[in-house]
Amino acid sequence: MAYRAAVLVVAAWLLSGCSGESPPSAPSPPGTQPVAQGSPFRVMMLTATRGFRHDSIPAARDVMNALAVSSGEFTVTTTEDVSAITASTLAGYDVLLFALTTGELPFDAEQKTAIVNFVSGGKGFLGVHSAADTLYNWPDYGGLVGAYFKEHPWTQSATVLIEDQTHPSTIGLGDRLTLTEEFYTFRENPRPRVQVLLRLDPSSVGATGDYPLAWAQSYGAGRTYYNALGHFAETWRDARFQRQLAGALRWAARR
Ligand SMILES: [Zn+2]
């Protein structure tokens, strides 16, 4: 009797466990689905400049558009128009990407508040290359990026060490990559405040010291990522760079 009772209890438990669930193929009622992992997240990409303008900007745009299409993971809106960044437009995006921006972009106080609130409220920010050579007079922006550009002492082929091979932006890259770039240094080493992902192998440029080149950090409830590479169009077309950007976007968008 004891055995039979146990079997019945298990059967009843199995039935009750299944009774509340729809078959796997049945569509969920509208409005009850969580944010679908398969639905593309939305990226706003700004390439405005008020200083040096990189020749690689068209390549950067083309590459991000192509990545969006090939991955199907995200959509990208590219703009040169600083006034397009407002609280209401940002509400339609998951990640704000500053790519190859330079100088004191003319954001007003409302726009600055909108950008900070966007990220600290749980969305993502990515800065690439001269995004660190942008908005020196707005310290909150420096906090988003993690450090301001200082110099580019080395434009040559060099080795970049992958410090963290488990971050979504670095998985599959191995422990190093060698490429020709304009390698940045920063006014302050961001290492104490961020999670460093890439650093220059100083011996590959005949130097010594600690030179982080890409990093990630939390920003309020949001996430920010910066990558100092991207000076040359060839870098944007490099699958190893694209892999990092796609992974960083996914991470920043919490996908
Ligand atoms: Zn550059």
Side-chain angles (χ1 to χ4, degrees), residues 43-67 76 78-80 82 96-107 125-138 141-142 144-162 169-170 173 176-190 194 196-202 204-207 209-216 224-246 248-249:
V43 178
M44 166 79 89
M45 175 178 181
L46 180 72
T47 52
T49 57
R50 289 295 183 281
F52 182 80
R53 189 167 177 85
H54 283 86
D55 294 340
S56 50
I57 285 175
R61 282 204 216 100
D62 289 349
V63 162
M64 293 313 296
N65 280 315
L67 262 182
V76 62
T78 62
T79 184
E80 286 279 316
V82 168
L96 178 59
L97 164 60
F98 276 38
L100 302 170
T101 53
T102 54
E104 297 306 312
L105 301 176
F107 289 114
F125 175 88
L126 258 67
V128 178
H129 194 58
S130 54
D133 186 27
T134 303
L135 293 162
Y136 291 92
N137 296 332
W138 179 25
Y141 178 80
L144 279 175
V145 173
Y148 283 115
F149 166 79
K150 182 183 178 192
E151 296 172 307
H152 50 81
W154 310 287
T155 300
Q156 62 181 87
S157 176
T159 299
V160 174
L161 304 173
I162 317 297
S169 67
T170 55
L173 285 176
R176 65 195 59 219
L177 49 97
T178 297
L179 79 168
T180 299
E181 249 300 324
E182 177 188 74
F183 293 100
Y184 276 7
T185 61
F186 299 89
R187 290 181 173 182
E188 285 179 24
N189 188 333
V194 302
V196 175
L197 305 171
L198 307 182
R199 76 172 186 275
L200 184 67
D201 176 359
S204 70
V205 296
D210 180 30
Y211 302 103
L213 290 175
W215 52 79
T224 89
Y225 169 93
Y226 172 76
N227 193 315
L229 308 179
H231 176 79
F232 293 114
E234 287 72 15
T235 301
W236 287 88
R237 297 189 192 108
D238 188 321
R240 301 169 300 177
F241 187 57
Q242 294 176 13
R243 184 180 199 123
Q244 292 177 67
L245 296 179
L249 285 173

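Note that ligands are numbered from 1 as they come in the structure, with each ligand's atoms numbered from 1 the same way. Everything numeric in this text was worked out from a predicted model, so none of it was measured.
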Inset, instruction - Return the set of protein N, O or S atoms whose distance to the Zn ion (ligand 1) is under 2.8 Å, each given as residue and atom. - result: H54 NE2, H129 NE2, E182 OE1, H231 ND1

Legend entry - salt bridge (Lys or Arg N to Asp or Glu O under 4.0 Å) partners of residues 46-64, not counting sequence neighbours, each pair once: R53-E80, R61-E80

Legend entry - Parallel, tilted or perpendicular: ring planes of H231 versus F52, cut at 30 and 60 degrees: parallel

Inset, instruction - Classify the ring geometry between Y226 and W215 as parallel (under 30°), tilted (30 to 60°) or perpendicular (over 60°). - result: tilted

Legend entry - Over 12 non-hydrogen atoms of neighbours within 6.0 angstrom of CD in Q156: yes

Legend entry - E234 and T180: CA distance, side-chain angles, deciding distance, side-chain contact (heavy atoms from CB on, under 4.5 Å) verdict: CA-CA 9 Å; E234 287 72 15; T180 299; over 6 Å; no

Legend entry - Atom of L229, atom of V128 and distance for their closest heavy-atom approach: O-CG1, 3.5 Å

